[in-house]
Every structure is written in C-alpha cells, then in structure tokens.
Amino acid sequence: MALQIFDSKLQSIRAFSPLEAGRVSLYVCGPTVQSAPHVGHLRSAVAFDLVARWLRLGHALDVRMVRNVTDIDDKILVNAAEQSVDWQALARDVEVVFNQVYESINASVELRPHATDHIADMIELIELLISRGHAYAATDGSGNVFFDAGSWSAYGELTNQKPENLEGEADASHGRINPHDFALWKAAKADEPESAAWPSPWGSGRPGWHIECSAMTRAILGEAFDIHGGGLDLRFPHHENELAQSRAAGFEFANYWMHNGLVTVGGQKMSKSLGNGVSVKELFDQGSANAIRYWLGSAHYRTTLDYSPENIADAVGAMSRIQNFVKRASAKSSTSQKFNADALPQPFVDAMNNDFGLPAALAALHDSVRAGNAALDAGGDPAEQLASVLSMLEVLGLTVDEAVEVDEELAARVGSLIEQRRAARDNKDFALADQIRDELQQMGVTIEDTPTQTTWSLNG
RNA sequence: GGUGGAGUGGCUGAGCGGCCCAAAGCAGCAGCCUGCAAAGCUGUAAAACCACGGGUUCAAAUCCCGUCUCCACCUCCA
C-alpha cells in the first residue's frame, strides 16, 4: 500500500507523491524561543519526527527536514525585559533547553534555521511582494509594511475562511488599509533595544512572524517543497498568511499540509491564562522519555490528546512491557540487527501508511511482543519476533531504557543483603528472608526473584 | 457570527459501509512461576444497545437529515 497522507488544506486523504523522485522536503514550524518547552511542543516534535522516520525507513526516501527557530518576536522582547536580561541571551538559553528536550525524546532535527539569520531573505521577499502589488509600506510614515490581503483573492484558502467572516483586528491601525492586512515588517519602537532592529528600505525594524517561515522555506527548501507541518493552532493566521505571501510572491509553496492535534488538560487546551500548562520537566518526572514518546503516539496525531498522570502511567506500563520482552528475548536470541524493513509486520506497515496510524501500529507492535513472549515461554527462539519488534521500535523512535547508574557503595550493600537473604532462603529461614526483603524495600530497593538469580532496582 | 474537530467498554484509545458479535494498552478475574510474595508471562468475562432521534442500503460505529453536548481556530501559541 502506498503512503496516504491527510492533507489539511484539502481536508482529505490523498496518496503521497514527492515532487522529486526519491527525495522529500519537509518544513515544520518550530518554537518561538521565549520560554521553556511544554507538552505541546513535544507532541508536534514527535509527530513530525515520526513522519520523517517513516519516509526514511518505510519508503527509503531521502528526507530533508527543517524545523525553524523563531528567535526574534514580541514575546521574546517582552519576556527579556521583564527578566531584565538581554533578549538574545534569553533566546539562546531557551533554545538550548529546547534542543536538549528534543534530543532526549529522540526528535532532533539537523536543519534548524534561525529567523535572525535570514533577515536579508525576508527583506528581499517583502520587496518582491511590493513589486507585485501585494504589499505596501504604511502610508502613515510609521515604517510598517503590510501584506495587502485584499489584493490576493485566494486569501483564506488554507482554512476555508472568508475575510468578511473573520472577527477582524480590533485595532486596524498602524497604517493598515484593511483590517486583515498583516505585518510583514514592523518598524522599530523606541522602547525596544537597538539590537532588535535591522536596517531596511522602510527604515529600521524587524520582520513580522509570518514572513520568517516564507523566507526560510524558500532559502532552504526552495520555492516548492513537499510537506509543511505544524500545530493545529498555527493554521490560522500563521499558515494562512505564509501561504498567501508565498503564493502571492509567485511560489508554489507546500504541496501537502499536515497539522498535529493539540494537547489538553482535563479537556481544555493548555494555556498560560488558565494556568494548566504542563512543563516538560513535570512530564519527565513521571516517566522515561521513551514512555512519554509512547504516550504521545498512543493517540492518532490529528486528534486531541488529553494529558493526565494516569495516562502517563499507562504508557509507562505499556513501554515497560515492550522493553521487558526485548531484554528477555535478547538474552535468548542472537538477533543483533536493529532495523530490517523486511521484518516489519504487514499490519504495522499498513498502519503507518494509513496517515501514520500510530495506535494501530502500536497494536501490531504489541501483537509481536505477545507472540514473542509466547515463543519464549514455550522454550523456543523468539528471533523472528525480536527482529520485528526491534525494527518497529526503530521506526517509532523508541529504544530500550538503560539501567540507571547507581553508586558502588549502595550496590555493595544491596548485594550483600541479597546474598544473606539467599542463604536464609537456602536454609528455609523464610522469616529472616522476608525481613531482609522488607529492609531492602525500606531502603527504596525492590528485588525480583527469577529462577536463577535475584535482581534489584531502585524505586521511582 | 464564521471555520474545523469530537462524542466508542471501568479508563485510555483505534476502526470510519460487509472480515466489527468493535484493535491495542491499562485496570479486573483466572492460571503459570514462587517457600510466600512482588515482578514477569499466558488466558479471559462483561449490558461497548459505538451521544440521541429519524433515514438510505441486502448490509452502518462507519453514509444522509435533525437534535444535544464538548473542544479548537478567527489576538500570541506546537
């Protein structure tokens, strides 16, 4: 089965076919580095990392994936001012945190262009739009430049909006002709740092948000590229405006649009005003990055995913079941190959090809785990299932959690107690054995008896 | 007001005309294992009347009409 993708511009499923045979260009809107990442950032990152992985591993395509960094923005300047720090330092620091988080959840992207490195590209694009009659410098002498939405009849095509139905800006000023015209270039303000302004034909200023992505996609992926992705909340106005600008400039722009669903808490979208945001740190305290990644894949990428500690706990359990199998099977089987496309079960392949149907793919994964466990219990060699599971995990970007490092002193004490308990059990002194077990539990150590030995791990 | 999305077992969450007397996970129950546990593994019940009311069809969770409820976007947001 060929890959089917839900194109959120057409609002329907269609077969995926790259513009250039064998290659895929993918642009995903990355974070505005204004404050620490939250669960929503992770969801988007993982959703599109899975897209890239499947294109690479499942379809042997050469994927060029871009995730930009918006490092100049109103919010960055405001937050920096509030914290009395340099805005560039804030942006840099926040970006470091984002990169760490992306790496820990195995969703890093190599191409990470910064808006501030593409100011010249943006100015060039704005000039092109003006020359084509789709943008204008504000007539009030403010130095702002706006996109002329009225000049572009297709405006609203991405989200099926008619300009007259939009609520419209309360403040249709700053030199706008029409309320739905949006800023391409914002004139420097007196109360903002000089470092946040660049020279331009319209005076000193900085780019509007939307033009950044239009300029960067063009600079890095070209005037036509395969897939544009981002969070559902970016569809309007951000992506609508990107599309209008790029098309008005004469570019083909994205061939497919993909939007990931949002993360809610108690059925409501996370937002600062509601104070229900869940930080990445809070999340990682509840489970390994693998378990979090599993949780993010447990619902289809286009649906809303509700956060709750219980749901995370479920994912931790499910992930540990899979990892247990890999550990058990690896001890019995010599399969070392990490990924083999031929080892992917057909239901898994079909699920991934059906618009990245992760829940069904995970069901296929569990089916292989169960079959492998059954083979193990029957004394057989689970090589086939292990190969399948390892290959699926590779596609899913999941790994087997490594044991946590513990200090030697503790290890020695625990080892000694376990030895004493073993001796007691050999003497059938079960009261003493249980007493030692309780003692270990109080130390925060849980032991597990297997037929041949006793293993232990730290709680929590 | 406009534009989209969603309502499926105790919970999470797939399926989107026939293979659905509805996937998978979690929880429950039983068994294996164990000195006993825990952990692990295996198997499995239930009234899931697929929000509600109509309709189309040989056939509907899936399509159509109506109703109710919830969510998102239309300001910055992944």
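Worth knowing before you read on, the calculation uses all heavy atoms, side chains too, and leaves out hydrogens, waters and symmetry mates. Throughout, protein chains are lettered first and strands after them, A, B, ... in sequence-line order, and every chain is numbered starting at 1. Note that this is a predicted model, so its numbers are computed, not measured.
- One atom, CD of A:Q323, and another, P of B:G40, lie 12 Å apart when rounded to the nearest Å.
- Using a 4.0 Å heavy-atom distance criterion, A:V263 is classed as a base contact.
- One P atom belongs to B:C63, the other to B:A6, and the distance between them is 10 Å to the nearest Å.
- Without hydrogens or angle criteria, A:N354 side chain to A:G357 main chain gives no donor-acceptor distance under 3.5 Å.
- Atom pair A:Q268:CD and B:C73:P shows a separation of 10 Å (rounding to whole Å applied).
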Could you list, one pair per line, each protein nitrogen or oxygen that sits under 3.5 Å from a nitrogen or oxygen of nucleotides 4-9 of chain B, together with the distance?
unit_1: B:G4; atom_1: OP1; unit_2: A:N160; atom_2: ND2; d: 2.5

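- At a threshold of 4.0 Å, the pair A:R422-A:D449 does not count as salt-bridged, since none of the basic side-chain nitrogens sits closer than that to a carboxylate oxygen.
- A cation-pi contact links A:R14 to A:Y256, judged by a cut-off of 6.0 Å to the six-membered ring centre and 45° from its axis.
- Counting non-hydrogen atoms under 4.0 angstrom, A:D449 reaches a base of the nucleic acid.
- If you measure from atom CZ of A:F236 to atom P of B:A72, you get 18 Å, rounded to the nearest angstrom.
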Per-nt protein contacts along nucleotides 21-28 of chain B (heavy atom under 4.0 Å; B base, S backbone sugar-phosphate only, - none) come out as --BSBS--
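- In this structure, A:P347 reaches neither bases nor backbone, as no heavy-atom distance under 4.0 Å exists between it and the strands shown.
- Listed pair A:N373 / B:G40 fails the phosphate criterion, with no side-chain N or O lying under 4.0 Å from OP1 or OP2.
- Here the P atom of nucleotide B:A78 and the CD1 atom of A:I292 are 20 Å apart, to the nearest Å.
- Look at the C1' atom in both B:A39 and B:C20: the space between them is 35 Å, to the nearest Å.
- With rounding to whole Å, A:K269 atom NZ is found 11 Å from B:U75 atom C1'.
- Among the protein residues, A:F430 comes within range of the nucleic acid bases, having at least one heavy atom under 4.0 Å from a base atom.
- Taking a cutoff of 4.0 Å between a charged side-chain nitrogen and a carboxylate oxygen, A:D181 and A:R176 do not qualify as a salt bridge.
- Take the nearest nucleotide of RNA chain B for A:A299 and for A:E448: the residue whose nucleotide is more 5' is A:A299.
- Looking at RNA chain B, the stems built from 3 or more consecutive Watson-Crick or G-U wobble pairs, each pair with its key distances under 3.5 Å, are B:1-7 with B:68-74, B:10-12 with B:24-26, B:28-32 with B:40-44, B:51-55 with B:63-67.
- The C1' atoms of B:C73 and B:A59 are separated by 38 Å, rounded to the nearest whole Å.
- Distance from the side chain of A:L262 is smallest for B:A72 among the nucleotides B:G40, B:A39, B:A72.
- If you measure from atom NE2 of A:H210 to atom P of B:C74, you get 11 Å, rounded to the nearest angstrom.
- Enclosure of atom CD in A:E103 is not indicated, since only 12 or fewer non-hydrogen atoms of other residues, nucleotides or ligands lie within 6.0 angstrom.
- Looking only at distances, a side-chain donor or acceptor of A:D381 sits under 3.5 Å from a matching main-chain atom of A:A383.
- A cation-pi geometry, defined here as NZ or CZ lying under 6.0 Å from the six-membered ring centre and within 45° of its normal, holds between A:R302 and A:F6.
- Taking the side chain as every heavy atom from C-beta outward, A:W456 and A:V414 approach each other to under 4.5 Å.
- Although no hydrogens or angles enter the test, the distance criterion places a donor-acceptor pair under 3.5 Å between the side chain of A:N79 and the main chain of A:Q34.
- Across B:G35, B:C76, B:C71, the shortest atom-to-atom separation from the side chain of A:R437 is found for B:G35.
- Taking atom P in both B:G25 and B:U75, one finds a spacing of 44 Å when rounded to whole Å.
- Out of B:C76, B:C36, B:A78, the shortest distance to the side chain of A:R421 is found at B:C36.
- Atoms CZ (A:F348) and P (B:A14) sit 16 Å apart, rounded to a whole Å.
- Across all strands, A:H38 comes closer than 4.0 Å to base atoms (heavy-atom distances).
- Within residues 105-113 of chain A, no residue has a heavy atom under 4.0 Å from RNA chain B.
- When distances run from any side-chain atom of A:R328 to the nucleotides B:G13, B:A72, B:G40, the shortest one goes to B:G40.
- Within 4.0 Å of A:G40, counting heavy atoms only, lies at least one base atom of the nucleic acid.
- Aromatic ring centroids of A:H180 and A:Y155 lie 6.0 Å or more apart.
- Under the 3.5 Å distance criterion, the side-chain polar atoms of A:R206 are left unmatched by any main-chain donor or acceptor of A:I72.
- Among pairs with a residue in residues 280-294 of chain A, those fulfilling side chain to side chain donor-acceptor pair (under 3.5 Å) read A:D49-A:R293, A:K281-A:D285, A:Q286-A:Y307, A:S288-A:D401, A:N290-A:T399, A:N290-A:D401, at least two apart in sequence or across chains.
- Within a 6.0 Å radius of CZ in A:R413, no more than 12 heavy atoms belonging to other residues, nucleotides or ligands are found.
- Spacing between B:A24 and B:C33 at atom P, rounded to whole Å, works out to 26 Å.
- The main-chain N or O of A:K75 is found under 3.5 Å from a side-chain atom of A:D73 such that the two form a donor-acceptor pair.
- The list of side chain to side chain donor-acceptor pair (under 3.5 Å) pairs with a residue in residues 92-101 of chain A, not counting sequence neighbours, reads A:E95-A:H114.
- Nucleic acid contact for A:G261: base, since at least one base atom lies under 4.0 Å from a heavy atom of the residue.
- One can place CH2 of A:W295 at 10 Å from P of B:G13, the figure rounded to the nearest angstrom.
- Remark: side-chain polar atoms of A:S368 are not paired, donor with acceptor, to backbone N or O of A:Q385 under 3.5 angstrom.
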